[in-house]
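Below you'll find the structure, written out as structure tokens, and then a few comments.
Note that the structure is a prediction, hence the values are computed from the model and not measured. Basis for what follows: all heavy atoms, side chains included, without hydrogens, waters or symmetry-related copies. Here is how names work: the chains are called A, B, and so on, in the same order as the sequence lines, proteins then strands, and each is numbered from 1.
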Number of protein chains: 2
Amino acid sequence: MVFRVSVSSSRRAVRTWWLLVVVSLCLFVSVCRAASPSSQEEEDSAMENIVTEKKAEESHRQDSADLLIFILLLTLTILTIWLFKHRRFRFLHETGLAMIYGLIVGVILRYGVHVPRDVNPASMSCVVNASPATLLVNVSGRFYEYTLKGEISANDVNYMQDNEMLRKVTFDPEVFFNILLPPIIFHAGYSLKRRHFFRNMGSILAYAFVGTVISCFVIGLLMYGCVTLIKQVSQLGGDFFFTDCLFYGAIVSATDPVTVLAIFHELQVDADLYALLFGESVLNDAVAVVLSSSIVAYQPQGDNSHTFEAMALLKSFGMFLGVFSGSFSLGVATGVVTALVTKFTKLKDFQLLETALFFLMSWSTFLLAEACGFTGVVAVLFCGITQAHYTYNNLSPESQDRTKQLFELLNFLAENFIFSYMGLTLFTFQNHIFNPMFIVGAFLAVFLGRAANIYPLSLLLNLGRRYKIRSNFQHMMMFAGLRGAMTFALSIRDTATFARQMMFSTNLLVVFFTVWVCGGGTTQMLSCQRIRVGVDSDQDNSVSVADGSERRSTKQESAWLFRIWYSFDHNYLKPILTHSGPPLTTTLPPCCGPLARFLTSPQAFENECQLKDDDSDLILTDGDISLTYGDITVSTDATGAHTSSGRGFVGVATSDDLDRELACGDHELVMRGTRLVLPMDDSEPPFTDSRHLRM
Amino acid sequence: MVFRVSVSSSRRAVRTWWLLVVVSLCLFVSVCRAASPSSQEEEDSAMENIVTEKKAEESHRQDSADLLIFILLLTLTILTIWLFKHRRFRFLHETGLAMIYGLIVGVILRYGVHVPRDVNPASMSCVVNASPATLLVNVSGRFYEYTLKGEISANDVNYMQDNEMLRKVTFDPEVFFNILLPPIIFHAGYSLKRRHFFRNMGSILAYAFVGTVISCFVIGLLMYGCVTLIKQVSQLGGDFFFTDCLFYGAIVSATDPVTVLAIFHELQVDADLYALLFGESVLNDAVAVVLSSSIVAYQPQGDNSHTFEAMALLKSFGMFLGVFSGSFSLGVATGVVTALVTKFTKLKDFQLLETALFFLMSWSTFLLAEACGFTGVVAVLFCGITQAHYTYNNLSPESQDRTKQLFELLNFLAENFIFSYMGLTLFTFQNHIFNPMFIVGAFLAVFLGRAANIYPLSLLLNLGRRYKIRSNFQHMMMFAGLRGAMTFALSIRDTATFARQMMFSTNLLVVFFTVWVCGGGTTQMLSCQRIRVGVDSDQDNSVSVADGSERRSTKQESAWLFRIWYSFDHNYLKPILTHSGPPLTTTLPPCCGPLARFLTSPQAFENECQLKDDDSDLILTDGDISLTYGDITVSTDATGAHTSSGRGFVGVATSDDLDRELACGDHELVMRGTRLVLPMDDSEPPFTDSRHLRM
């Protein structure tokens, strides 16, 4: 009986869904029609003013209708993806679906909606020696203000007058960079699964930095070969320089395996593989952005601006370093400021204020970086990581939830918007240049570039790691090199020249192919490569603990870099920026006493015995680090008591004696145990919940 | 000892706050400087293309810096307001504070930052017979696209070239209407405290509709007198017609007692007074928007466009009705669609999808209304009310929280942004016209207009209500007629003519005065009028229940209108749109059997005995309505069993017999009791938590 009920309700749900889809499509077509400018305009009315007002109103109505198209698209995507999740279909992710719906709507807009021409852009020829940002036009005594939108290539001028509707649904490309990408990237930074990320940080950094640069140059060289081949065989139709090839290599090197990661999370694939993929994809976005802007900045002096010049190359390289480190520092700085503010004020008591502050500070990172000439997206990424690492611990539990959910929602909406726009733009973009040979060459280059990133680097890394990245993991990483939002946003940013237009068209196809084919085939690839699924990340650790040599090797891997970083972070940064960690009075030299007392939060004195702070999950503690711990704890007992008597925290200290004893005992037990990583049941990094990360 | 700790931490907090303020101000001034366009532009470089690119980049950097100014302002407001809340200062609300900070920054921008002129808008005289929306300018072979920003009055042309910086921080006025107001208004609708709102709905509607129209005309007439007086005494400096006066009356009639309501909530002032004020302010915004647009639409035929013409008046009136009802229906329609979608799909299992859908549907209301030529803000308001009334009950508990918190945050940010912009614009707006006589006249007219709204209407309403609106309540309502975001947004929307500029300047002063003086004096006024504070709204009911005559009178008040509405809502709308209420099979006539079965959710059959649905809190149930209940319950037992055997819900029905018996018993107990309102402990309307409504 229960079964019958569930079947009937499921059938009803499907029926409802179909109904909704049909209604949405009807609504959608009517919106498209409404969005087309109405042709009844009473030009006979003499009142110029009213006509202008009407025009502005008409334009506003059209804008609303255009935006409504996308909202309906997203709504449809949500409903369909619910059905897929309900039925446990895994072959198509929401982003892939958003692209399909975008494609359908693009076809409708392109071929289905007839638009009467009535808004004629007037073409005037004036002799002005520069194009100003603002233009005042004196139309028979009245002044109208016009703002510069951008340059239009001569052949676009005809197109432009051709189809107003298609132009209308074309967003300013900067929208992607300034509005849609920041929340996506921030969310990625804010949800880095910290434990495994930091454990594999060396490898992740290698893949992200060295790998992306390798991939960029391999793709660039291959594409240059391809382009010269095309020039030999037939006509190319426009200029395509080596710098363009390198630029193409840079923008197509940003991987975005949303689809794959969502499936990994659902199936609980090995946490290290997940961390490697996710960490690489997050960081290589940042590298690709800065790399591409550095390549654009390569401008040799003299007449021929596409020759090799050492000076210009050096300048580009310097710019890469400067912009990257500048953005990095700005991002970290705002994160640190937010952490300090949330630590030293009692904003915790007012969750709304706290959440608003967090949101505003994170946004201001982006604006600050852009205003300073750095890259906002990169700054936002590192701000997100810093916020997750420090500020998150200072927030009230409610604000932790709120901020997580807020950025999760923003990420979801922005991501699906971008992917549906991608589908749409395949038909509505008016300057597509599809060159079959170039496309084939690009697919090949992308494949080989990814291979040149993963396999040689893995080989090198495996020399250092004794806990090897196995070959099936390497194949999986190779396969998961999807291209997504970042590649698209970088491609659409500038489509003025022939080369850029061809890149854009080709990249659209690359994204479609990788998202649908590679994304859709993830489960098949997992079973084909015999990668275990359903692995609990904690269980995974105890397995590796059981094997003695494995344990040693992991320790080895994270030894030199992270022992330094971790002890610095734990002893100084954590106590300064959060309420956890050992009191600064114990870790700083005695001369800094007053400062240390000012910076240490009262909670740190209370918690000084509870060494299991939020962060010990990212480090291995068998051996010297636990010794360091031991040292500190001992000295803390002496100095901490001394200082607290001076500051008045003794009341707390004495009342918690029993608790402390228990906590210490518990900790000692752990120290004697054989576990590689401290048990971390009490500390959950943001977004570890399977539904939280990527739905 | 504990005391010492808290004192020292509080002192430390204050010290930290001062530090933060100083740092923020320094940062702020440097941002202002950064925002001023840098003068080093290498014009000698021959490459036109690079110059254009640089210009675009420069412009983007400036935009980022400008936005950053507001973000910093909001951050500062948040920190200060935290301090105020921490110290329990009630004399200044966050919105008032945002205005003060805005003023300070406005002064700095106006007098402190020197901006070198280098971006000269070129002025060209061309003979074009209309101003097109898009302009293509052919600058020596290259085409540049310009978009129409708006008309500029001749005297602005000089100003414009004067101070680029001040123009930069001036936002497009449509931003307020299309981006900032919708979340504020939606939040207001979504958080209407339903029980007391519906209980006082008759009075609220009277104040909002009749009262706003009265206020509009009283203010309009008084201002017309004032303007003619000014014309007699001195020169006015421009045209000011009667329609302008009426328009002024309409835009200044929208009250916005954010400050007062926040204090009411904190002090737990009488819930009926709260509901009257909040309900009125929410609805009169909608009335004022539509009213002002109808007045603008008043255009008599012929040469003199400012004479009286019955036809044009009728057309305006028709437009008012059309736009209002159209926006209303659209808002309700999207709310209903969302409710149906959330009811018939199992979207509940995926909270992120659910929240995203809710957000998108609510946003689409606005866009749909704007695309159809209705008023998006009004549609959004009624959409919010519908969502709270129906959809909210279908959401998963997590999504209920998420949506509440999301719109709360958006409301907070948008509101404070508007108020800080208000402060800023007093100094940065370049066409202020302050006429002392007009200002005095306006203050008087606003006062009298409010009085003409509240006192006569209260008198009339008290004839019908036996539960009178006492005179101290009336004085409080009179006092709480603050003007805020809506008045500002309506004033700034069009500042092209002399009359509109004078209105805008005057309205700024009205807002400042009312928010600071009336808002700041709320606690004094409360104690002066001897209005009880600390009243628990439930306790308040039992007090009125104790008094027999009071109870009868309240019943009387909501009798004729709400008995009809409530029974319709409860018997048909609730069961169709949510999972609660009696099954439709019992309330619809038998001929609609299959439809009723399709629309009724399985839960409704399960819950059919639990009549304490989410909504019974808004209605009085002593007498005939409980009889209606009884009837339905009896018939349900008969028909429900019949239908459920056909559909397969018997399993549930039989297994829940005991529960049902218990629930029925519980309900009967309530019926026999003396409580005016059913006990509602289990159903909490959105935002009843004191910290949720307005912080």
Okay, L406(B) and chain A: the region with an atom under 4.5 Å from a heavy atom over there is side chain

Turns out that what part of N178(A) lies under 4.5 Å from chain B's heavy atoms comes down to side chain

Derivation and outcome, side chain to side chain donor-acceptor pair (under 3.5 Å), residues E174(B) and H60(A): CA-CA 10 Å; E174(B) 292 299 317; H60(A) 170 66; 5.3 Å; no

Could you tell me whether R402(B) and E398(B) make a salt bridge, using a distance below 4.0 angstrom between a side-chain N and a carboxylate O?
yes

Checking K404(B), K348(B), E354(B) against S399(B) for side-chain hydrogen bond (donor to acceptor under 3.5 Å, both in side chains), the one that qualifies is E354(B)

Cut-off 4.5 Å, heavy atoms of chain A, and the answer for F366(B) is neither

In terms of heavy-atom contacts, L353(A) and I78(B) come closest through O-CG2, 3.7 Å

